[in-house]
**Student:** 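Pasting a structure below so you can have a look.
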Protein chains: 2
Amino acid sequence: MQDSISSIDLKILKQLQDDCSLTAAQLADRIGLSQSPCWRRVNRLEQEGFIHKRVALLDAEKLGMDVVVFCTVNLSVHGRQSLEEFEEAVRRLPEVTECYTMTGTMDYMLKIVTRDIRHYEQFVRTFLSQMPGIQEIHSNVAVTTIKNTTALPLDTQLD
Amino acid sequence: MQDSISSIDLKILKQLQDDCSLTAAQLADRIGLSQSPCWRRVNRLEQEGFIHKRVALLDAEKLGMDVVVFCTVNLSVHGRQSLEEFEEAVRRLPEVTECYTMTGTMDYMLKIVTRDIRHYEQFVRTFLSQMPGIQEIHSNVAVTTIKNTTALPLDTQLD
DNA sequence: GCTGAAACCGATAGGAA
DNA sequence: TTCCTATCGGTTTCAGC
């Protein structure tokens with residue numbers, strides 16, 4: 001699925017995943033190109049889907065939403081039905097910001113963001129524990145954020 | 001640390017954390033306000049730090065960077081020195097996109113993004129295993145992404 | 001505080017090198 | 001392809017409410 005992508009496109013992507021509020025001229029400056037071709041490339045990258053969306057990252061602490069819990073879940077019933085029910089519910093719940101199926105002993109890994117531990121507790125009770133087929137839930141609470149970035153490690157693409 | 005924030009500001013933040021490429025007019029439309037005050041609010045929210053930054057989210061799959069591993073680490077030496085060394089290293093490494101200190105039995109939770117499992121293996125060998133004071137490393141590999149959003153669950157603020 | 005309009009500046013597209 | 005230029009539209013400011 002990996003389309004070929006030029007090193008100049010990579011430079012553009014690296015800049016934009018750090019700051020997408022740059023003007024075309026600023027971006028062009030930083031990568032050593034002039035505005036028009038730079039802008040054209042950005043457009044192409046968007047149309048081809050390399051750039052998925054542009055979002056504002058908010059300050060979780062200032063907004064009082066800085067409790068992060070990693071939660072692993074096992075389902076006892078592995079029928080297609082209960083899996084899809086679970087996944088659909090997960091997609092609907094805004095507190096679940098990430099969810100993956102996993103190798104190994106757990107079925108799902110969830111990243112959950114809430115206002116405080118009590119709210120998390122409530123979330124587990126009213127949602128997770130209610131889901132059919134849930135066997136085990138392990139909650140791992142984060143204390144301090146050392147690093148948190150949405151930037152993909154594109155540097156390692158070039159090797 | 002939670003400053004008071006009006007429900008109209010919350011509407012703005014909810015829109016922008018979903019799409020920050022909206023023009024001031026479009027944004028104003030969606031929240032039922034006109035351009036000037038809307039723009040003023042966005043500016044204030046930025047200056048006050050509620051909006052941290054604006055970034056482009058890239059398509060990890062198209063870029064061949066879609067292996068996600070959650071990795072828990074225990075350090076055997078808990079001196080301030082080795083902790084800060086570890087954390088500083090983590091901040092420098094682009095493959096580590098998130099890192100938290102944790103309650104419970106593990107010291108750190110890392111989210112690591114790489115091109116493939118072999119590259120992850122290499123990453124663990126050349127970085128993680130080399131770090132002084134590392135006692136245990138557990139790698140949990142994600143298979144499928146069910147959900148992945150950067151949007152904070154602001155809906156639950158209002159209760 | 002919000003509204004509306006006016007001025008400015010950058011984004012966008014076309015054409016020449 | 002990139003560069004240059006003209007137009008168009010958004011951003012930003014300000015006076016009035």
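Letters A, B, ... mirror the listed sequences (proteins, then strands); counts begin at 1.
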**Student:** Under the criterion side-chain contact (heavy atoms from CB on, under 4.5 Å), which of Asp59(B), Val113(B), Leu57(B) is the partner of Leu152(A)?
**Tutor:** Val113(B)

**Student:** Run the side-chain contact (heavy atoms from CB on, under 4.5 Å) test against Asp19(A) and tell me which residues pass, sequence neighbours left out.
**Tutor:** Ser21(A), Leu22(A)

**Student:** Only pairs under 3.5 Å count here: list side-chain donor-acceptor contacts from residues 129-137 of chain A, not counting sequence neighbours, and write none if there are none.
**Tutor:**
| unit_1 | atom_1 | unit_2 | atom_2 | d |
| --- | --- | --- | --- | --- |
| Ser129(A) | OG | Val124(A) | O | 3.1 |
| Gln130(A) | NE2 | Arg125(A) | O | 3.1 |
| Glu136(A) | OE2 | His138(A) | NE2 | 3.1 |

**Student:** Quick one: side chains of residues 95-110 of chain A, donor-acceptor pairs under 3.5 Å with protein atoms, not counting sequence neighbours, listed by atom name and distance.
**Tutor:**
| unit_1 | atom_1 | unit_2 | atom_2 | d |
| --- | --- | --- | --- | --- |
| Thr97(A) | OG1 | Lys111(A) | O | 3.4 |
| Glu98(A) | OE1 | Tyr100(A) | OH | 2.7 |
| Glu98(A) | OE1 | Lys111(B) | NZ | 2.8 |
| Tyr100(A) | OH | Lys111(B) | NZ | 3.3 |
| Thr101(A) | OG1 | Thr144(B) | N | 3.0 |
| Thr101(A) | OG1 | Thr144(B) | OG1 | 3.3 |
| Thr103(A) | OG1 | Val141(B) | O | 3.4 |
| Asp107(A) | OD2 | Leu75(A) | N | 2.8 |
| Asp107(A) | OD2 | His78(A) | NE2 | 3.3 |
| Tyr108(A) | OH | Glu87(A) | OE2 | 2.6 |

**Student:** In plain terms, say whether Glu88(A) and Arg91(A) are close enough for a salt bridge, that is, a side-chain N and a carboxylate O under 4.0 Å apart.
**Tutor:** yes

**Student:** How is the hydrophobic cluster of Trp39(B) composed, in terms of its other members, when Ile, Leu, Val, Met, Phe, Trp and Tyr link through side-chain heavy atoms under 4.5 Å apart, directly or indirectly?
**Tutor:** none

**Student:** Under 3.5 Å, side chain of Gln15(A) to main-chain N/O of Ile12(A), donor-acceptor pair present?
**Tutor:** no

**Student:** For nucleotides 10-13 of chain D, tabulate all protein N/O to nucleotide N/O atom pairs closer than 3.5 Å, reporting atom names and distance.
**Tutor:**
| unit_1 | atom_1 | unit_2 | atom_2 | d |
| --- | --- | --- | --- | --- |
| dT11(D) | OP1 | Ala24(B) | N | 3.4 |
| dT11(D) | OP2 | Ala24(B) | N | 2.9 |
| dT12(D) | OP2 | Trp39(B) | NE1 | 2.3 |
| dT13(D) | O4 | Ser36(B) | OG | 3.2 |

**Student:** Could you tell me the boundaries of the chain B footprint on DNA chain C, defined by atoms under 4.0 Å from its heavy atoms?
**Tutor:** dC2(C) to dA5(C)

